[in-house]
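Here's the structure, in structure tokens; my notes come after.
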2 protein chains.
Amino acid sequence: MTAPPHEARPPGAGRALPDTQRGMRRRNLARVLHAVSAEGSLSRAAVAARIGLTRAAVSTLVDELIRWGLLEELGPERPGRVGRPGSALAVSGRGPAGIGAEIGVDHLAVCAVDLRGAVRARAVRHTANRGRAPGPVVGELTELVRHVVAEAEREALRPAGLAVAVPGLVARDGRTVVRAPNLDWHDTDLAPLLPADWPLTVDNEANFGALAELWLGAGTPRDFLHVSAEIGIGAAVVVDGGLLRGTRGFAGELGHVPVRPDGPPCPCGGRGCLEQYAGEEAVLRAAGLAPREDPVGLLAGRAEQGDASVRAALRDAGTALGIALTGAANLLDPETVVLGGALAGLSPWLLPSLETELRDRTAGPPCPVTVSGLGSEGPLLGAAHSVIRGVLDDPAAVVHG
Amino acid sequence: MTAPPHEARPPGAGRALPDTQRGMRRRNLARVLHAVSAEGSLSRAAVAARIGLTRAAVSTLVDELIRWGLLEELGPERPGRVGRPGSALAVSGRGPAGIGAEIGVDHLAVCAVDLRGAVRARAVRHTANRGRAPGPVVGELTELVRHVVAEAEREALRPAGLAVAVPGLVARDGRTVVRAPNLDWHDTDLAPLLPADWPLTVDNEANFGALAELWLGAGTPRDFLHVSAEIGIGAAVVVDGGLLRGTRGFAGELGHVPVRPDGPPCPCGGRGCLEQYAGEEAVLRAAGLAPREDPVGLLAGRAEQGDASVRAALRDAGTALGIALTGAANLLDPETVVLGGALAGLSPWLLPSLETELRDRTAGPPCPVTVSGLGSEGPLLGAAHSVIRGVLDDPAAVVHG
DNA sequence: ACTAATTTGTAAACGGCCATGACGAAATAG
DNA sequence: CTATTTCGTCATGGCCGTTTACAAATTAGT
């Protein structure tokens, strides 16, 4: 009775690969693995019911995934229900691992995540990277990667890919850092500097943070706006469970949305950008504090103690954020706005003014704002999980081809 | 070497239908039809090369589409190339038709478009609909629809669906008008008021206008922001060849993006919304003109004649638009911004200040702004074509099921 | 305890669909 | 006029999910 509205790409032109039987098999393998992964543990019959294939078909698919070491048979379930109990299947804890890495302004971090989503190895190193050349920084990161990979391999894990989160804009090629103001890197291809043993993805930390929220956050919807802030204000737009990247890969630049068109000039060339009000530097200045290590902790601490000027600075930042987010919410109609990264820790003092602004400027119910529970781990976990999602999304590609 | 970035929905969870052989056949039928439609005329071999299947497979698919009356054999091609010439295939000009309808503030329009994209029948009626109840208006529209359908059927066309463009917000159910300020309609389900003979879709005129631009515009990219204005300022976000609709279907509300946070109050509850500067009423007021029929024509005429106050009003509107679009472009990184609807006709006087604002507020090259060539026909054509796209996207569904 | 009902997993037969390879048809090139 | 190239089709084969049937394992009822 109702024709489907045009929100997805057309099935004809959009799909790159020809629709052949091998492709069908491939997608069904992915569907089975996805279903088991999402539920944690599932019988063949339950998988069949869930993905719409017959039990017989699922059986052969499961056999293949077990043969590849991606699924494990846990043994008979113990249900209270009538009928023969199913044999529980679970994603294997050995086999492919996702290696996630993060380049921060003052730290490097690497972790390995298995197919089940568990962190199996990690390494962190605190280093002041601001203004340091890409070569040495990435060299140091590579050391950590090798260390984590060695540890993972000792646990029978095999890296399936490396994903690197970077505090800056990354081109759509997934390897070139176009602009990272806080590191002072420009147009740097990181691929030659990193180990070439596995598929590589480089992406904005805000994007990986949003993906972590999408995949790991409790009750996170499939359409939301994720706002994080590490010095700059990065946002990521998640639409129907996927990242909106933009033509050049620069989507989500919330920091330079004009908030007060005649406000103070911004290095970007504009005036009154959000970053001039809610950026780290701006907030510190407004609070009368000098830039130093761990500014977020400093601000949170002072605010906690009741420091009036810090609280006022954060309140004003919340107002500016609220104005920018009103525009974004009007444009995108997301289900929620999620505050992550540094903003999560400062949310108690940002939220009141932010939500006031959002409420007063919206006809009807305003877009709900939630706070991420992932803390500062988001981007790193998102990076590692993005590799795992790649395996889940096309297991056949990992095994051969 | 490079893992795919996560921009699309996962192949497992995202796809609703199980991946079975029938579904494969169905998608391949769509791929063939799509290929022929996109190229206008193609031989079986050319289709095979284009979509990646073998000639033999394409032959059977084409046979079926011909049997269904969706494809036609035009006869042997006349190429200068060596080898046996192919037999040209083209989409049938008889068979399914898309019925598009538009409810405007001062007019109703209906048209029928065949699978080839040609308009085969049309009807327009000028009526003042502002403040009129939905019943009579839609009743009158239904008369026009019946008239156009009768004409189409006389040409051996069979309506495959009805799509209605409305100047207001439409719920994601594709039938309920949530808010249409210029008609003064609220939460009105149009389905019971329209003929139930075919699948029905109701959508925002800005959305249909953007789709028309996407499908019919020359050189329109797959990622752009389409801005139109009929009294309010509607925008539509096209991402990867599909409409971004938002959770509630309200995405694209550019009119209420805050431009000057302390500006004049807006009926939406906010202050300094774009609509307060670039909305029809606001521009007329700024130009010192009273609201009347065809305000766009009036403004364009006066501006053409060199009326200074009108030009100033349009320049200021362009500035406000530029500020709002800077924010939107930062957030979405579209390939272009397309000005459509009323904005297209006023673009000579809007563009200079708009582009200045965009350029001054963007680091690096600003997002290019283009003007739609579709004029006021956009929404109507987009509506009719959306039905056609539905057929192209799943021809099997139209024939049976 | 024993039977009936229910559910699971597997095996064999079946049917649909695309690939493969071969072939005739229809054009060009020399 | 022949060799070459390309097109469309046909027969064959292999892959894959479905259908149907059945044994295994559990609960519910008596």
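Chain letters run A, B, ... following the sequence lines, proteins first and then strands; every chain starts at 1. The shown structure was predicted, so the numbers you read here are calculated from the model rather than taken from an experiment.
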When B:Val82 and A:Pro85 are each assigned the nearest nucleotide of DNA chain D, the 5'-most assignment goes to B:Val82
For the pair made of CZ in A:Arg25 and C1' in C:dC17, what is the distance, rounded to whole Å?
16 Å
Can you tell me if the side-chain N/O atoms of A:Ser59 get under 4.0 Å from OP1 or OP2 in C:dT10?
yes
Residue-phosphate contact under 4.0 Å: B:Thr54 side-chain N/O, C:dA19 OP1/OP2:
yes
How many Å lie between CG on B:Asp19 and P on C:dC17, as a whole number?
14 Å
Interatomic distance where CG belongs to B:Leu61 and P belongs to D:dT9 [whole Å]:
12 Å
May I ask you to check whether A:Arg25 and A:Thr60 show a side-chain donor-acceptor distance below 3.5 Å?
yes
For the residue pair A:Arg44 and A:Asp63, establish whether any side-chain heavy-atom pair is separated by less than 4.5 Å.
yes
Nearest-nucleotide comparison on DNA chain D, the residue closer to the 5′ end among B:Arg44 and A:Pro76:
B:Arg44
Among C:dC18, D:dT26, D:dT18, which nucleotide sits nearest the side chain of B:Ala57?
C:dC18
Return the value, rounded to whole Å, for the distance between atom CZ of B:Arg81 and atom P of D:dC7.
6 Å
What's A:Ala45 touching, base or sugar-phosphate or nothing? Going by heavy atoms closer than 4.0 Å.
sugar-phosphate
Go through the side-chain N and O atoms of B:Asp173 and B:Thr176 and say whether any donor and acceptor fall under 3.5 Å apart.
yes
Sorted by position of nearest nucleotide on DNA chain C, 5' first, the leading residue of A:Gln21 and A:Ser43 is A:Ser43
In whole Å, what is the span from the CZ atom of A:Arg31 to the C1' atom of D:dG17?
13 Å
Closest heavy-atom contact between A:Val238 and A:Leu243?
CG2-CD1, 3.8 Å
Starting at the 5' end of DNA chain C, which residue's closest nucleotide do you reach first, B:Arg84 or A:Ala88?
A:Ala88
Nucleotide D:dT26, atom P - distance to CD of A:Glu77 in whole Å:
12 Å
Length of the CG-C1' vector between B:Asp63 and C:dC18, whole Å
15 Å
At under 4.0 Å, does any side-chain N or O of A:Arg22 touch on OP1 or OP2 of D:dC15?
no
So which of A:Val149, A:Asp197, A:Val387 actually passes side chain to side chain contact (heavy atoms under 4.5 Å, CB included) with A:Pro159?
A:Val149
Look at all strands and tell whether A:Arg55 reaches a base, only sugar-phosphate, or nothing, counting heavy atoms closer than 4.0 Å.
base
Between D:dG17 (C1') and A:Asn28 (CG): distance, integer Å
8 Å
